[in-house]
Amino acid sequence: MLSLTKKRISKIVALVFLLLMVFIWIVPVLYTMITSFKSEADIQTNAFTILPINWVIGNYQDVLFGNTSAPVAKWFMNSLIISVSQTILVLVIVSLAGYGYSRMKFKGRDAIFVFLMATMMFPAVVNLIPLYKIIDTLGWVNNYLAAIVPGAAGVFNIFLIRQFMQGIPKEFDESARVDGASDFQIFIKLILPLIRPVLTVVALFTFTASWNDFLWPSIVFNDVEKMPITPGLQLLQGMYALDVAHALTGALVAIVPTFILYLFTQKYFMESLSLSSGVKG
């Protein structure tokens, strides 16, 4: 009886905590959404009212199509091109790298992998200056390649895929080799279909990280037409000074792709949490 009471109290505490977390997360989003339908005058004169006095959609027209010096629609497309391209490139590179470190035998393989893992100990900000020098030398400043290529071989993604491949019995490879399959054929026809769950997780993480990246695009893009939407938003804020309606509308537009992605792939997001926390060597 005492045990049942403790379980019930634990559930109630957990429920209250979760409701509190939902409230903390959802209120700013709802406020942003509702405010985007207010006029600037409405915001300035009735800042603490929840609903707009007059619902307007002019903010979206202004932000998306009404300002050539702050082309949000163009920024949106730039972010889409960069994020999709980087996701495809990451899937190709890290799956091949994971296969090499997991399945192929060559001298120094484990030592190289350990060295690769050790690089994760350094904060990413340490690489900013040398990385910018490389990008500048290659002439990629204000080019999509500057945002796509540097993040194409994330060490954590390689680690994740290698660990997943380690769980696939190597007898499969040996059987395929007996049938005359080469390493490339084993990778394409046997391994790739089996690692589809972890590739989905890597794709989701990569797209979300690329879309939300702010620091690196702010450094390598100074051409307004070439910017992704995340650094562009700060220009939008500066462009309209204290125009809260346009700033919040731009922020709302920026979260639409990741929100839609989450709606359709939340099952994989949930699986990714257990996958990334439960990897084993």
Side-chain angles (χ1 to χ4, degrees), residues 21-87 125 128 132 141-144 146-148 151 204 206-266:
M21 292 301 295
V22 168
F23 181 79
I24 291 172
W25 279 98
I26 207 166
V27 165
V29 177
L30 284 177
Y31 177 79
T32 302
M33 193 178 297
I34 293 172
T35 306
S36 69
F37 291 101
K38 290 181 178 180
S39 65
E40 185 61 24
D42 192 3
I43 295 173
Q44 297 298 335
T45 55
N46 302 289
F48 297 104
T49 57
I50 297 176
L51 297 176
I53 296 176
N54 296 308
W55 292 78
V56 296
I57 59 170
N59 295 327
Y60 288 92
Q61 295 171 338
D62 294 342
V63 166
L64 289 173
F65 311 110
N67 196 309
T68 54
S69 58
V72 173
K74 178 69 176 173
W75 295 340
F76 190 93
M77 288 306 300
N78 292 341
S79 283
L80 203 58
I81 292 170
I82 291 170
S83 300
V84 171
S85 302
Q86 189 178 57
T87 301
V125 70
L128 285 181
Y132 181 81
V141 175
N142 286 319
N143 190 304
Y144 291 149
I148 294 171
L204 292 174
T206 303
F207 183 89
T208 306
S210 177
W211 186 274
N212 292 330
D213 192 12
F214 171 77
L215 179 60
W216 180 244
S218 299
I219 295 172
V220 294
F221 289 103
N222 51 46
D223 184 343
V224 174
E225 288 288 327
K226 301 289 180 61
M227 281 185 176
I229 195 167
T230 315
L233 285 179
Q234 63 176 346
L235 295 181
L236 184 68
Q237 188 179 14
M239 188 70 63
Y240 289 98
L242 296 176
D243 193 339
V244 179
H246 288 103
L248 291 182
T249 304
L252 198 64
V253 169
I255 67 173
V256 168
T258 50
F259 180 70
I260 293 175
L261 185 69
Y262 177 75
L263 281 183
F264 287 99
T265 60
Q266 54 181 304

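- The minimum heavy-atom distance between Trp216 and Ala146, with the atom names listed, is NE1-O, 2.8 Å.
- The side-chain contact (heavy atoms from CB on, under 4.5 Å) check on Ala254 picks up Ile229, Leu233, with sequence neighbours excluded.
- When atom types are taken as modelled, the side chain of Asn59 and the backbone of Ser36 share a donor-acceptor pair closer than 3.5 angstrom.
- In terms of the side chain to side chain donor-acceptor pair (under 3.5 Å) criterion, residue partners of Asn142 (sequence neighbours excluded) are, by chain and number, Asn222.
- Contact between Thr208 and Leu261 at its shortest, heavy atoms only, is OG1-CD2, 4.1 Å.
- Around atom CG of Leu30, more than 12 heavy atoms belonging to other residues, nucleotides or ligands sit under 6.0 Å away.
- Between Phe221 and Asn143 the shortest heavy-atom distance is CZ-O, 3.5 Å.
- Ring pair Phe76/Trp211: centre-to-centre distance below 6.0 Å.
- Pro228 and Pro231 get closest at one heavy-atom pair: O-CD, 3.5 Å.
- Around atom CG of Asp223, more than 12 heavy atoms belonging to other residues, nucleotides or ligands sit under 6.0 Å away.
- With sequence neighbours excluded, the residues that form a ring pair (Phe, Tyr, Trp, His ring centres under 6.0 Å) with Tyr60 are Phe37.
- The nearest pair of heavy atoms linking Thr230 to Asn212 is CG2-O, 3.8 Å.
- Checked against side chain to side chain donor-acceptor pair (under 3.5 Å), Asn78 has the following partners two or more places apart in sequence or in another chain: Tyr144.
- Here the straight-line distance linking atom NZ of Lys226 with atom NZ of Lys74 works out to 8.0 Å at 0.5 Å rounding.
- Within the 3.5 Å criterion, the main-chain N or O of Ala245 finds a donor-acceptor partner in the side chain of Thr249.
- For Phe259, the side-chain contact (heavy atoms from CB on, under 4.5 Å) test picks out Leu263, with sequence neighbours left out.
- Side-chain atoms of Asp42 and Asn54, non-hydrogen and from C-beta on, never get closer than 4.5 Å to each other.
- Under the rule for a side-chain contact (heavy atoms from CB on, under 4.5 Å), the partners of Val125 that lie at least two apart in sequence or sit in another chain are Pro123, Leu128.
- Glu225 places a side-chain heavy atom less than 4.5 Å from the side chain of Pro71.
- Taking 4.5 Å as the limit, some side-chain heavy atom of Trp75 sits within range of a side-chain heavy atom of Val224.
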Worked check of side chain to side chain contact (heavy atoms under 4.5 Å, CB included) between Ile82 and Ser210: CA-CA 7 Å; Ile82 291 170; Ser210 177; 3.8 Å; yes
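- The shortest heavy-atom contact between Ala147 and Gln86 is O-NE2, 3.2 Å.
- With rounding to the nearest 0.5 angstrom, the OG atom of Ser39 is 8.0 Å from the CD1 atom of Ile53.
- Listed by chain and residue number, Ile81, Ile148 satisfy the side-chain contact (heavy atoms from CB on, under 4.5 Å) test with Ser85 (two or more places apart in sequence, or in another chain).
- Counting only distance, with no hydrogens or angles, the side chain of Glu40 and the backbone of Val244 share a donor-acceptor pair below 3.5 Å.
- Residue-environment remark: CG (Leu51) exceeds the threshold of 12 foreign heavy atoms within 6.0 Å.
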